[in-house]
Structure formats: structure tokens, C-alpha cells
Amino acid sequence: MSDQQDNLHAMRHSLAHIMATAVVRLWPGVKLGIGPVVENGFYYDIDNGETTISEDDFEKIEAEMQKIIKDNQSFERSEKPVDMAIAWAQESGQAYKEELLNDLKRAGTTVAKDLDAEELGTITEGEGAVENVSFYTNGDFTDLCRGPHVESTGKAGAFKLMRVAGAYWRGNENNAQMQRLYGVAFESPKELRKHLEMLEEAKKRDHRKLGQELDLFVLSDLVGPGLPLFTPRGTVLRNELIKFSEELQREGGYEAVWAPHMTRNELYKVSGHFDKYPERFDVSSVESSDEFMMKPMNCPHVTQIYASRPRSYRDLPLRYMETTTMYRDEKSGELHGLSRVRSLTQDDSHAFVRHDQIADEMRSVLGMVKDMYAVLGLPLSVDLSFRDDSDNYFGDVSVWEEAQTVIEQVAKDEELDYRVEPGEAAFYGPKIDIIVTDALGRKWQCATVQLDFIQPERFELEYAGEDGNMHRPAMVHKAILGSIERFLSVYIEHTAGKFPPWLAPEQVRLLTVNQEDATVAFADGVVQKAKDLGLRVTLDNANESVGKKIRNSEVMKIPYTVVLGEKEIQLGKVTPRIRKDMQVQDMANEHTVENFLQSIANEVKSRTTKSSL
RNA sequence: GCCACCUUAGCUCAGUUGGUUAGAGCGGCUGUUUUGUAAACAGUAGGUCGUCGGUUCGAAUCCGACAGGUGGCUCCA
């Protein structure tokens, strides 16, 4: 961290204390949790009993904070023996601080993942608890804290309180729900203003807003939450992305398969999912006494295609792909536009491989992911999702170690810039997850490559080896786009709806200058030529001014707009208007109709046009 | 599911401390206009103010429940 970053960090952390000071002044009985620095700001978790705090209270809290800043109280560091600190917490009724101190005393650390180490006083490794913990005092407010802070409250920078949210104490939903007060903070009012303006800009490219404006998808209360419907325009986007994904997969040797959208529960009892997520399976009976469910994933289904006949080592790798929709009963508060839905479509694939084929297959599917994201201009951020020491995982630890070693080696071979994330694995195996970011900086998992030794075991999959004995294959799962709904949410925000021509729902829009017979006949002719080349073209022959029709085309972010009138009829040539982000501005000259349409068709076919975003 | 907030016409929004027939712009429709690269003009239709219940002489406005949504938390095969 640079000095400047250190300073900003200290400012934000100091503001968390100043906010806590203000909250304690306004609501003296309030219990404090923790108050760390986060991206762009800070928060503090508080428990104010029955009297909850709402955003309407922010004005008052901010006013109190300004007073404290004006007082320019110095931040004084002090140390206490841990037992004295516990006594302090008890006396002041700070039960959450007391719990933290007890953990510190007993274990030398606190385990909850959400607890920022910087908040916890002096941490020592392993056995042997801490002796002293540090405190910071400003004015009449003292808090357990490792620091550092700015010198005094007057130097805390520019801030704004943003939100109040619920947060479980120590990130555990069985614990009390506290209120988390979020603020953003910067060194100067100017930078703060810039940040707030950036948030306003980000709102404009929110995929839910653009989905409405560009007529891509709809959410209907009657259909139900988390069940998006796609309009003709949105469906073009979906289908073009799927087509590209399936082309890449076919090149990699994958064959399409198909599985029904419902299944007997029994399938998921064998796979282990049923016991793992019992609350997630809403079941319904169909005629017989059997219970059926909508499929929440594909792998167990595909195992039954593999298992349908004897397999030989010569058959492997056996590669199946299926772009299909599945259904998951997400909790209501977890739904989010297209990013988190109840009906999601994956460009899924499963390869059944011998152990000596694992690395090659993983490299192959990673290559597909890289190709796709390169063409779309999306940066890859890679997590290796591994297991941790918990008992959330099936199978022997030794099997996991083998799988994780292979995955990390592949990541190194492919020169991926990755981070290892313990505890993020699926219960059946470790994953390579591709993470992309939405307009507001929230991270979403899209592509995934997974290695699975567990399901072949549970479904007792086998092949006859060269040695005449039966062997167990491994499974390589992958999705390039991941959930297409989620992928679209991120991609819409990334492009702000300015899709490259090969994806654009409407590639060319023709506008007539007037409604005279000659003009209309000419325009119809151009439409037919464009359609013959497979282009998605529309004709706007409305009785409106040319300016108005241009505007409508711009608003819909159509790549190519062409005005047709007397001049074009005379010359047989057009001068296209090209969406400003596109890198083909040299096409904005006069072209014959045929040349113009042909060059768009070429551009679409090669999928090479990247928007210059 | 949990915490806070939001829900008025197809869309974006206005609606003063509860007080007559709830407004605007865009969009739609009809007519006039026949338009040359980001919004022609006029008229007109469209709302049991998310739903249900309550308080009140009177509710878009106050209270409650439910539904949907937003920001987080938790979860995410």
C-alpha cells in the first residue's frame, strides 16, 4: 500500500469510529459490533434493540458526525491487559465486544471470516492468547481497535452515509441480526462528488433498466419472481451467444444431448444433492407414488446416458453438451434482476475422462472460455475454488488433493492470473471459476470448469480399461457463459447495451424520408437484399420527421442506420450512420447498397467487430 | 429467509400538514403535415393510486398484513 492509500484507509477507519461516536451520543444504549474499512468507504454494525435506525436518521447522524469533526478530537491509542478490556466491555454493556475479547483471550484470534483482522486488536498466531489489546479514544468515545487512525477527527476527509442494511453478527445467520450503516469516504469533497457521479452513471447501464429500455426481457408478477421472460430482441442475444458457445464446444469434440426438465427425486438421492440441500427440493407427486422435481442441474442426468451401456477406455473422453434451463428455489431476498434467478439456462457440458486425460480436457475447455471472453472483450478474473477443513465435502481428502493439484497445475500451464479461494468448492469437487463484475462493481461467477471424482463414484460409473479391469472415469464439468441470464446481466452492463453487430438484435435500420411509392419500393428492395444475406433488418416507414426516426434508432443503439430517399434512389448508393462506439467509422462513406450490406454480413460472420468501450 | 426502504397510466415522474371529478412528459390512437441525419403540429383514449383489511365524516396520503421490487446480510449444486 502506498502512503496515500494508507492515509485514505486511516481516514475511512476513523470515520467508522466517528460514526459510532455519533450513534452512541444519539442512542446511548446502542451496542456496537465491528466497523471496518470496505471498498470506497466504511461501515459499522450496531444493535439498537427495538429502536431500529433508518436512512431517515442519516441527516441527524451526519450532523452529529460533523460536530465531532469540527471539535477535531485527537485519536489516542492505549493498551489494556485483555482481562481489563473484558471488564471494560462488561461495564459498558458492549456484549459483542466482550465476545470478541473472549475469543481473543482464548484463541488469540477470532475465526469469523467477516471479521476484519485489522479490527481485532493485537493478534498473535496459534496457542497462547494475547496479553494486551489496543484501544483508541476520541473525545468521550473509546473503542477496541488496532488502528491506525488519522491524527484527529478533523482530518477524516469527506464522507456521506449511504445505506442501512441488515447483517448477521459474525456473518452467521443463526446469530442476531444487526444493522450495518454504510458510508463512502474520500480525501476531498471533489473526489467524493466524483464517486457519487460515477454511481449515477452506473445506474444508467443497470441491466434491469436497459432490459426495459431496449426491450430485452420482462419480469412478470404473475409468472413469478426470478422467472424472466425474454422478448424477441432478448432471445436473439441469448441464441447468438448459445450458438457461439456450442460452436466452440463442437470444435472441442462435444456432442449435444438432451434431458427432460423433471426427474424422480431418486436421482438426486443417489447423487447426494438431496441430503446436501434438503430444503431446496420442493417435490410434487405425479400420478404414481413417486416424487418428482424440476431439475436443478444437469450432471446427475447426464451420468445416466453414460451408464446406459458398457464403456471402453477407447470411448473416452466421452463429451456431452446441453444448453438447457434448470430450476432452483432461491430464497426470495436473494433474487436480483437476471443475475440471480430461479430459472437459469446453462451452456453446460460434461466430459467423462480417464485420469490421464483430465489435464488435457480441462485445458481444452479453458481454451473455449478464453476464446469466448476474448471475442466479447470481457476481462477474466479467475478463482480456484478449493475445499477447506469443514465437513461440507464428499469423498476422501486424498481424492480432493489429487483433483486440486491437477487444477492448480492446469491454471499454471494456462498462465491464468488466479487466486485460491478455500471453502468455495462444490461439495463434489474443486472448480476454476471465472468472475466478472457488474456496473456497480459487484462480482458474479460466470464460466466454471469443475473436476469431479465423486459423482462417478456415487453413480458407479465404469469403463473397461486396456488391462481388462473395470475403472472409474472422472467428470469434467464446464459452462462457458455459465447462467446465460447472469451472463447477459453482466454483458449488458459491460456494453451499456451497445452490442456488436453479430449480437445486436437489430443490426440495420432503414429509414424512409417520405412515404411515396418510389421510396417505399426502393426500401422494400433493400430490406429484401439484407434479409437474403441473413441480416436482422427493420424498416421504419412511419410518418415522422427523419430526425425523429434517427433518434429512435439511436435510442435503441442500432449499429447501422440508413436513410433512404430520393438521393439514394438516384445513385443506388447509401451513406450509413454508424453507432459511435464502433470501430468501423470508415464505413461511413458512400457505398452501393450491395457492398454496404455485404460488408456488414462479413463483419457479423467473423464476429470480429469489437465495440471500442 | 433476515434488516432498511420503495410501489401513482405502457414508460419516467408530480401530487402541499388526510379534503371535491388524481396531473405532466414520453409512448399509443386519430387527423394535419411528406419530412434529409438525435424529438413536426393538433386532438384523443388510457389509472378501483400493488392487493386485502383497519382508523376517519372523508384515505393515493395514517395504521396493519400480504405481494412485488431496491440496497445489503445469509445462501448459491
Side-chain angles (χ1 to χ4, degrees), chain A residues 38 43 45-48 52-58 114 162-182 203 206 208-209 212-213 215 218-226 268 271-274 276-277 279-281 295-300 326 328-337 339-341 344 346 392 394 424-429 431 440 442 444-445 448 450 452 454-455 477 483 486 511-516 519 541-555 561-568 575-578 580 588:
Chain A
V38 291
Y43 69 77
D45 284 349
I46 63 158
D47 178 354
N48 203 25
T52 55
I53 291 181
S54 91
E55 281 158 37
D56 294 339
D57 297 315
F58 280 0
D114 231 319
M162 299 297 283
R163 295 253 128 64
V164 45
Y168 298 105
W169 169 236
R170 307 188 99 171
N172 183 334
E173 67 179 322
N174 298 318
N175 286 345
Q177 174 127 86
M178 308 185 74
Q179 289 197 291
R180 180 166 294 178
L181 274 39
Y182 279 97
K203 267 194 210 162
D206 187 307
R208 292 162 298 199
K209 183 173 155 67
Q212 154 73 22
E213 289 171 0
D215 189 20
V218 291
L219 288 156
S220 148
D221 287 4
L222 270 179
V223 175
Y268 282 88
S271 74
H273 291 85
F274 206 95
K276 194 75 196 163
Y277 303 99
E279 76 291 353
R280 296 260 185 159
F281 288 88
K295 67 172 174 182
M297 57 192 302
N298 300 308
C299 6
M326 46 233 191
R328 297 179 181 179
D329 185 24
E330 305 288 359
K331 294 185 201 166
S332 58
E334 289 159 350
L335 300 171
H336 181 95
S339 318
R340 189 82 180 266
V341 290
L344 57 133
Q346 272 194 352
N392 294 331
F394 286 25
E424 294 295 318
F427 74 83
Y428 53 74
K431 312 186 283 178
L440 285 172
R442 290 174 293 213
W444 300 96
Q445 181 211 305
T448 182
Q450 310 178 357
D452 179 3
I454 307 299
Q455 292 195 70
H477 311 233
S483 151
R486 173 178 293 180
L511 314 180
T512 52
V513 173
N514 57 48
Q515 282 69 56
E516 285 158 16
T519 314
N541 189 33
N543 179 7
E544 293 284 356
S545 66
V546 172
K548 175 67 164 290
K549 291 197 263 191
I550 293 275
R551 179 169 196 278
N552 288 342
S553 187
E554 289 281 345
V555 165
T561 305
V562 183
V563 176
L564 300 176
E566 194 139 341
K567 198 177 93 190
E568 286 72 22
T575 309
R577 184 183 168 105
I578 299 173
K580 289 189 186 63

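Keep in mind that this is a model prediction, so the values were computed, not measured. Labels below follow one simple rule: chain letters A, B, ... track the order of the sequence lines, proteins then strands, and each chain is numbered from 1.
- Between the base of B:G72 and the side chain of A:Tyr168 there is no donor-acceptor pair shorter than 3.5 Å.
- Side-chain contact between A:Met178 and A:Arg170 is absent, with no heavy atoms from C-beta onward closer than 4.5 Å.
- Taking the C1' atom of each, B:C66 and B:U44 are spaced 38 Å apart, rounded to whole Å.
- Within the nucleic acid shown, A:Ser54 comes within 4.0 Å of sugar-phosphate atoms alone, with no base atom in reach, counting heavy atoms only.
- Between B:U37, B:G71, B:G72, one nucleotide has an atom nearer to the side chain of A:Arg163 than all others, and that is B:G71.
- Looking at A:Met326 and A:Asn298, their side chains come closer than 4.5 Å, going by heavy atoms from C-beta outward.
- Note: CG (A:Asp206) to P (B:C6) measures 20 Å, nearest angstrom.
- Rounded to a whole Å, the NE2 atom of A:His336 is 17 Å from the P atom of B:G68.
- Straight-line distance from the CZ atom of A:Phe58 to the P atom of B:G72: 13 Å, rounded to whole Å.
- Here the side chain of A:Gln455 pairs no donor or acceptor atom with the backbone of A:Ser271 at under 3.5 angstrom.
- Residues A:Val513 and A:Glu566 have side chains not in contact (no heavy-atom distance under 4.5 Å, counting atoms from C-beta outward).
- Between B:A4 and B:A9, the distance separating the two P atoms is 27 Å to the nearest Å.
- Within 3.5 Å, a donor on the side chain of A:Arg340 pairs with an acceptor on the base of B:C76, or the reverse.
- Residues A:Pro296 and A:Tyr268 are in side-chain contact: their nearest non-hydrogen atoms beyond the backbone lie under 4.5 Å apart.
- When the nucleotides B:A77, B:A39, B:A38 are ranked by their closest atom to the side chain of A:Val555, B:A38 comes out on top.
- Rounded to whole Å, the P atom of B:A39 lies 24 Å from the corresponding atom of B:A24.
- Residue A:Asp45 contributes atom CG, which lies 19 Å from atom P of B:G71 at whole-angstrom precision.
- For the pair A:Ala426 and A:Val164, nearest-nucleotide mapping onto RNA chain B gives the more 5' position to A:Val164.
- Contact annotation: A:Arg208 reaches the phosphate of B:G71 (side-chain N/O to OP1 or OP2, under 4.0 Å).
- Residue A:Glu516 places no side-chain atom within donor-acceptor reach of the base of B:U34, judged by atom type and a 3.5 Å distance cut-off alone.
- A gap of 24 Å separates the C1' atoms of B:G25 and B:U61, to the nearest Å.
- The heavy-atom pair separating A:Arg180 from A:Tyr43 by the smallest distance is NE-CE1, 3.2 Å.
- The separation of B:A38 from B:A42, taken at their P atoms, amounts to 22 Å, rounded to a whole angstrom.
- Residue A:Gln455 is classed as having no contact, given no heavy-atom separation below 4.0 Å to the nucleic acid.
- Checking A:Glu55 against A:Gly337, the closest nucleotide of RNA chain B that is more toward the 5' end is the one next to A:Glu55.
- One finds a side-chain N or O of A:Arg577 lying less than 4.0 angstrom from the OP1 or OP2 phosphate oxygen of B:A38.
- Whole-Å rounding puts the A:Arg180 CZ to B:A4 P distance at 15 Å.
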*Checking side chain to side chain contact (heavy atoms under 4.5 Å, CB included) for the pair A:His477/A:Thr448: CA distance, chi angles, key distance, verdict?*
CA-CA 8 Å; A:His477 311 233; A:Thr448 182; over 6 Å; no

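- In this structure, A:Arg442 reaches the B:G71 phosphate: one of its side-chain N or O atoms is under 4.0 Å from OP1 or OP2.
- In terms of phosphate contacts, A:His477 brings no side-chain nitrogen or oxygen within less than 4.0 Å of OP1 or OP2 of B:A77.
- Taking the six-membered ring for Trp and the full ring otherwise, A:Phe394 and A:Phe427 have centroids separated by under 6.0 Å.
- Nucleic acid contact for A:Gln179: sugar-phosphate only, since backbone atoms but no base atoms lie under 4.0 Å from a heavy atom of the residue.
- Nearest heavy-atom pair across A:Ala542 and A:Lys549 is O-NZ, 2.8 Å.
- Between B:C73 and B:U55, the distance separating the two C1' atoms is 36 Å to the nearest Å.
- We find that the ring of A:Tyr277 and the base of B:A77 stack, their centres lying under 5.5 angstrom apart and their planes tilted less than 30°.
- For A:Val563, the listed nucleotide lying nearest its side chain is B:U37; candidates were B:G72, B:A77, B:U37.
- Remark: P of B:G69 and CG of A:Leu219 are 7 Å apart, rounded to the nearest angstrom.
- Taking atom NZ of residue A:Lys549 and atom P of nucleotide B:A38, one finds them 14 Å apart after rounding to whole Å.
- Residue A:Val546 is in sugar-phosphate contact alone, with no base atom involved, counting any heavy-atom pair closer than 4.0 Å across all strands shown.
- Listed pair A:Ser545 / B:A40 meets the phosphate criterion, a side-chain N or O lying under 4.0 Å from OP1 or OP2.
- With distances taken from any side-chain atom of A:Ala167 to the nucleotides B:C73, B:A77, B:A40, the minimum falls on B:C73.
- A:Arg486 places a side-chain N or O within 3.5 Å of a backbone atom of A:Ser339 that can act as its donor or acceptor partner.
- At the phosphate of B:C3, neither OP1 nor OP2 sits under 4.0 Å from any side-chain N or O atom of A:Thr52.
- The same atom, P, is picked in B:G50 and in B:U16; the two are 15 Å apart, to the nearest Å.
- Counting atom types as modelled, A:Gln212 pairs no side-chain N or O with a base atom of B:G10 as donor and acceptor under 3.5 Å.
- Rounded to an integer number of Å, the gap from A:Asp56 CG to B:C6 P is 7 Å.
- Taking a pair as Watson-Crick or G-U wobble with both distances under 3.5 Å, the runs of three or more consecutive pairs in RNA chain B are B:1-7 with B:67-73, B:10-13 with B:23-26, B:28-32 with B:40-44, B:50-54 with B:62-66.
- Applying side chain to side chain contact (heavy atoms under 4.5 Å, CB included) to A:Arg577 and the options A:Leu511, A:Ile550, A:Val562 leaves one that passes, A:Ile550.
- Closest contact between the side chain of A:Arg551 and the listed nucleotides B:A39, B:U37, B:U34 involves B:A39.
- Checked by distance alone, A:Glu334 brings a side-chain donor or acceptor within 3.5 Å of a matching partner on the base of B:U74.
- Taking only side-chain atoms of A:Lys567, from C-beta outward, the nucleotide of B:A39, B:G36, B:G71 with the closest atom is B:G36.
- Side-chain proximity of A:Ile550 to the nucleotides B:A38, B:G68, B:C73 is greatest for B:A38.
- Contacts of A:Gly547 with the nucleic acid, taken as non-hydrogen atoms under 4.0 Å apart, involve only primed sugar atoms and P, OP1 or OP2.
- Annotation: B:G69 and B:U8 have their C1' atoms spaced 15 Å apart (nearest Å).
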